[in-house]
Student: 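Let me begin by handing over the structure; questions about it come next.
Computed from heavy atoms alone, side chains included, the values below leave out hydrogens, waters and symmetry copies.
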Amino acid sequence: MLQSILIPFTTIILAEFLDKSQITLLLLSAKTKHHVQLLLGALAAFAIVDGIAILFGSLLVSLIPEIYIKIAAALVFFVFGIMSLRAKEETHGAIQTGKSAVIASFSLIFLSEWGDKTQIASAVFATRFPPFLVFLGVMLAMLVLSLLALSLGTLLSKKVSAVNIRKTAGILFLILGLFFLVS
């Protein structure tokens, strides 16, 4: 029973460490003080994407053409990148309320995780271990990684000016958007 949690947990920690979703959370956390809301949005997205993978394996990814998922993810990253670059200097960009923090983290992670190695690994683990225990292991890993990313983002925001964070985040979001279109 313990291996049904520990194997997915360990694998996901290693696979997702410094992955796009963690970098996204780090950047978002450097732009807002609404960290709990960022965490809630991210965990909701992970729960849905990985939960569906665990329930349906790779079936869903085969129903929706991968190109549509990539285009949607790219567009969301482009929008957040442009909003970050165009934001007024005295604001924290597009994330000024708790509600917008939830929406930002949920939408970026939800769209970027479809077809990701974590989702595929979750589906594979569910074929070998009890699905609920796999889900528990995956979500615990995502919680640990998300808390780490949020902590690093908070530290970054204390060391680097808000203008530099906003510009860097905008550029990185645009790069991630391009990555989704060409990968």
Side-chain angles (χ1 to χ4, degrees), residues 8 11-32 38-39 41-87 92-95 100-126 138-139 141-142 144-146 148-150 152-153 156-157 160 162-183:
T11 304
I12 298 303
I13 287 275
L14 295 173
E16 280 289 311
F17 187 73
L18 294 178
D19 190 50
K20 65 188 170 307
S21 57
Q22 303 312 306
I23 293 169
T24 299
L25 275 177
L26 185 146
L27 293 171
L28 290 174
S29 70
K31 294 175 56 171
T32 184
L38 287 176
L39 181 63
L43 291 177
F46 288 130
I48 292 169
V49 171
D50 292 319
I52 288 173
I54 290 166
L55 287 175
F56 298 109
S58 61
L59 177 64
L60 186 66
V61 176
S62 67
L63 292 176
I64 301 172
E66 185 179 354
I67 187 69
Y68 294 135
I69 295 168
K70 286 182 177 187
I71 290 170
L75 289 174
V76 170
F77 276 104
F78 286 148
V79 167
F80 277 91
I82 291 167
M83 288 172 67
S84 293
L85 291 172
R86 294 187 70 198
H92 281 340
I95 307 172
S100 62
V102 170
I103 292 168
S105 62
F106 178 84
S107 59
L108 286 170
I109 289 172
F110 182 81
L111 289 171
S112 69
E113 287 295 307
W114 287 104
D116 187 68
K117 62 188 172 288
T118 306
Q119 186 187 38
I120 295 165
S122 298
V124 171
F125 287 133
V138 168
M139 290 307 296
M142 292 305 199
V144 168
L145 289 168
S146 296
L148 178 62
L150 292 170
L152 289 174
L156 180 69
S157 69
V160 181
V163 173
N164 287 336
I165 290 171
R166 180 179 48 78
K167 288 180 182 178
T168 302
I171 291 167
L172 287 174
F173 285 145
L174 292 174
I175 290 169
L176 284 169
L178 286 173
F179 170 76
F180 275 98
L181 287 180
V182 298
S183 65

Student: Evaluate the criterion side chain to side chain contact (heavy atoms under 4.5 Å, CB included) for residue pair I171 and I175; output intermediate values, then yes/no.
Tutor: CA-CA 6 Å; I171 291 167; I175 290 169; 3.8 Å; yes

Student: Give, for atom CG of L150 and atom CG of L26, the distance between the pair rounded to the nearest 0.5 Å.
Tutor: 8.5 Å

Student: Report the distance from atom CD of Q119 to atom CD1 of I12, rounding to the nearest 0.5 Å.
Tutor: 10.5 Å

Student: To the nearest 0.5 Å, what is the distance between CG on L38 and CG on L27?
Tutor: 11.0 Å

Student: Within the structure provided, determine whether F46 and V138 are in side-chain contact (heavy-atom separation under 4.5 Å).
Tutor: no

Student: Going from OG on S29 to CG on L152, what distance comes out if it is rounded to the nearest 0.5 angstrom?
Tutor: 8.0 Å

Student: Nearest heavy-atom pair of A42 and S105: which atoms, and what distance?
Tutor: N-OG, 3.4 Å

Student: What are the two closest heavy atoms between A74 and G177, and how far apart are they?
Tutor: CB-O, 3.2 Å

Student: Answer whether the closest heavy-atom distance between the side chains of L111 and L75 falls below 4.5 Å.
Tutor: no

Student: Let's go through L145 and L25 carefully: what are the C-alpha distance in whole Å and the side-chain angles of both, what is the deciding distance for side chain to side chain contact (heavy atoms under 4.5 Å, CB included) to 0.1 Å, and is it a yes or a no?
Tutor: CA-CA 10 Å; L145 289 168; L25 275 177; over 6 Å; no

Student: Can you tell me how far apart CZ (F78) and CG (L181) are? Round to the nearest 0.5 Å.
Tutor: 4.5 Å

Student: Could you give the distance from CG (L28) to OG (S100), rounded to the nearest 0.5 Å?
Tutor: 10.0 Å

Student: Of all heavy-atom pairs between E16 and S21, which one has the smallest distance, and what is that distance?
Tutor: OE1-OG, 2.7 Å

